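To find a chain, count down the sequence lines: A is the first, B the second, and so on, and within it residues start at 1. The model shown is predicted, which means the values in this text are computed figures rather than measured ones.
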There are 2 protein chains.
Amino acid sequence: MGRIQTLNNSSRKEIIVEKAANLFKEKGYKAASMRDLAEVVGVEAASLYNHIKSKSELLHVICLDVANRFTNKIDEVEAEELSAKEKIEILLRFHIQEMLNNYEDVIVSDREWKHLSEPYLSNFRHQRKTYRKRFAAIIEEGIKKKEIKKIDASTAVLIMLHAVSGIESFHRSKQKISGKELEENMVTILINGLAK
Amino acid sequence: MGRIQTLNNSSRKEIIVEKAANLFKEKGYKAASMRDLAEVVGVEAASLYNHIKSKSELLHVICLDVANRFTNKIDEVEAEELSAKEKIEILLRFHIQEMLNNYEDVIVSDREWKHLSEPYLSNFRHQRKTYRKRFAAIIEEGIKKKEIKKIDASTAVLIMLHAVSGIESFHRSKQKISGKELEENMVTILINGLAK
DNA sequence: TTGTATTCCTAACGTTTGTTAGTTACATTC
DNA sequence: GAATGTAACTAACAAACGTTAGGAATACAA
């Protein structure tokens, strides 16, 4: 009968959420059972319920946290006095950094948000939609100021956000290049294109 | 007691696979139950087993079909006498077209392949890996011939493949722009970049 | 019309699922 | 050391899952 190891200043709940993110990333939310999670945590399944309310709570804690991080960042970027192109590059680099450092949460949020229950599902959808609109608005500002090519702004947002999510494959591979190199490559390709 | 509608020259099995792809896309493979599928098909769950062997067969039929289409295309492209840049653009446009026309299969294959059972899982993984290597080789050829910027080829592949998968959001949105416009925007951004 | 496949049905199976109830062990405070 | 709250356990629940068995209805060939 071993207790959950609580190192640092993280609570037992935080540890469970962290392990859950890992498991959800690996197997998907639906395929990951509470008994799987319990095993990883080192405890019986029923014991988890001393710390969390339900399986779905785990998912919405993860998703909400990720969504808030991106919302906070775009708040910050919009407030600064920068050119549109600079704003875009900052956001793009932030996405890449998040994907390099907190990728488990980000991937789960990206891929499993559909399994959120109401009202968290509606909230998440709204926050996501709003974020993309604000991102697109920055691009449109850049087009107006002739910093950016005349392209469809929402398509550009779509490309950038999804391109970044490809970093998951990078994590799985043998990491021939470093995170910094990856970041520079991505920014170059997306801002300046492949063609010479 | 209604029978499965079999129009054109498609078999009942093909109809089930088609509806399954739609359902898997909507709810995810694990969350989509055979009873859900039966309801969509218009039949009782047990009746499906007169036409298919198992739920997992549905998934691997879908995934294998998608993987083969891309493999066939890259076979075709490699055989032609074209510049690397042209080859890349053809492949990119093919990905976009597939995502516009057969997106349900492609999305399911992209997102749910992890739930394949052996030996289909290993086969799929291998085919996917090989495809990406071949794609990266074309890019490296382009770099050598100075048609393409000096970037990390596998990062470029990763960006392109994942950018295209963002077209799913396009399908969900109110389609302000046409498929053709979307294609041109994507190709422009990825080949020439955002910056003016 | 009769015989034979095909396609559907109902009923049920054995698992696995998320979760609750009730109880025991540990940790902390007085 | 007694008291109290926290965190673990065992056992079990009802519901949902994929799938099978066996029989009834339909379609097609003779």
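If you measure from atom CD of B:E39 to atom P of D:dA16, you get 13 Å, rounded to the nearest angstrom. For B:E44 and C:dA12, the CD to P distance is 15 Å, given to the nearest whole Å. The distance between atom CG of A:L48 and atom P of C:dT19, rounded to the nearest whole Å, is 10 Å. Rounding to whole angstrom units, CD1 of residue A:I52 and P of C:dG18 are separated by 10 Å. We find that CG of B:L23 is positioned 11 Å from P of D:dC17, with the value rounded to whole Å. Atom CZ of A:R12 and atom P of C:dC26 are 14 Å apart (whole Å).
A donor-acceptor pair is defined here as one N or O able to donate and one able to accept, closer than 3.5 Å; such a pair exists between the side chain of A:S165 and the backbone of A:H162. With hydrogens and angles disregarded, a donor-acceptor distance shorter than 3.5 Å links the side chain of B:E181 to the backbone of B:S178.
The salt bridge (Lys or Arg N to Asp or Glu O under 4.0 Å) analysis of residues 28-37 of chain B, with sequence neighbours excluded, yields the pairs B:K27-B:D36.
One finds no side-chain N or O of A:H51 lying less than 4.0 angstrom from the OP1 or OP2 phosphate oxygen of D:dT6. For B:S47, no side-chain nitrogen or oxygen approaches OP1 or OP2 of C:dT7 to under 4.0 Å.
Using bins of under 30°, 30° to 60° and over 60° for the plane-to-plane angle, the ring pair A:Y29/A:F24 lands in the perpendicular bin.
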At a cut-off of 3.5 Å, list every protein nitrogen or oxygen paired with a nitrogen or oxygen from nucleotides 18-22 of chain D, distance to 0.1 Å.
{"unit_1": "D:dG18", "atom_1": "OP1", "unit_2": "B:K55", "atom_2": "NZ", "d": "2.8"}
{"unit_1": "D:dG18", "atom_1": "OP2", "unit_2": "B:M34", "atom_2": "N", "d": "2.8"}
{"unit_1": "D:dG18", "atom_1": "N7", "unit_2": "B:R35", "atom_2": "NH1", "d": "2.9"}
{"unit_1": "D:dG18", "atom_1": "O6", "unit_2": "B:R35", "atom_2": "NH2", "d": "3.0"}
{"unit_1": "D:dT19", "atom_1": "OP2", "unit_2": "B:Y49", "atom_2": "OH", "d": "2.5"}
{"unit_1": "D:dT19", "atom_1": "OP2", "unit_2": "B:K55", "atom_2": "N", "d": "2.9"}
{"unit_1": "D:dT19", "atom_1": "O5'", "unit_2": "B:Y49", "atom_2": "OH", "d": "3.3"}

Ring pair (Phe, Tyr, Trp, His ring centres under 6.0 Å) for A:H95 and A:F70? Distances and angles first, verdict last.
CA-CA 8 Å; A:H95 276 270; A:F70 284 112; 4.3 Å; yes

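The only member of A:E118, A:H126, A:R125 that meets side chain to side chain donor-acceptor pair (under 3.5 Å) when paired with A:S122 is A:E118.
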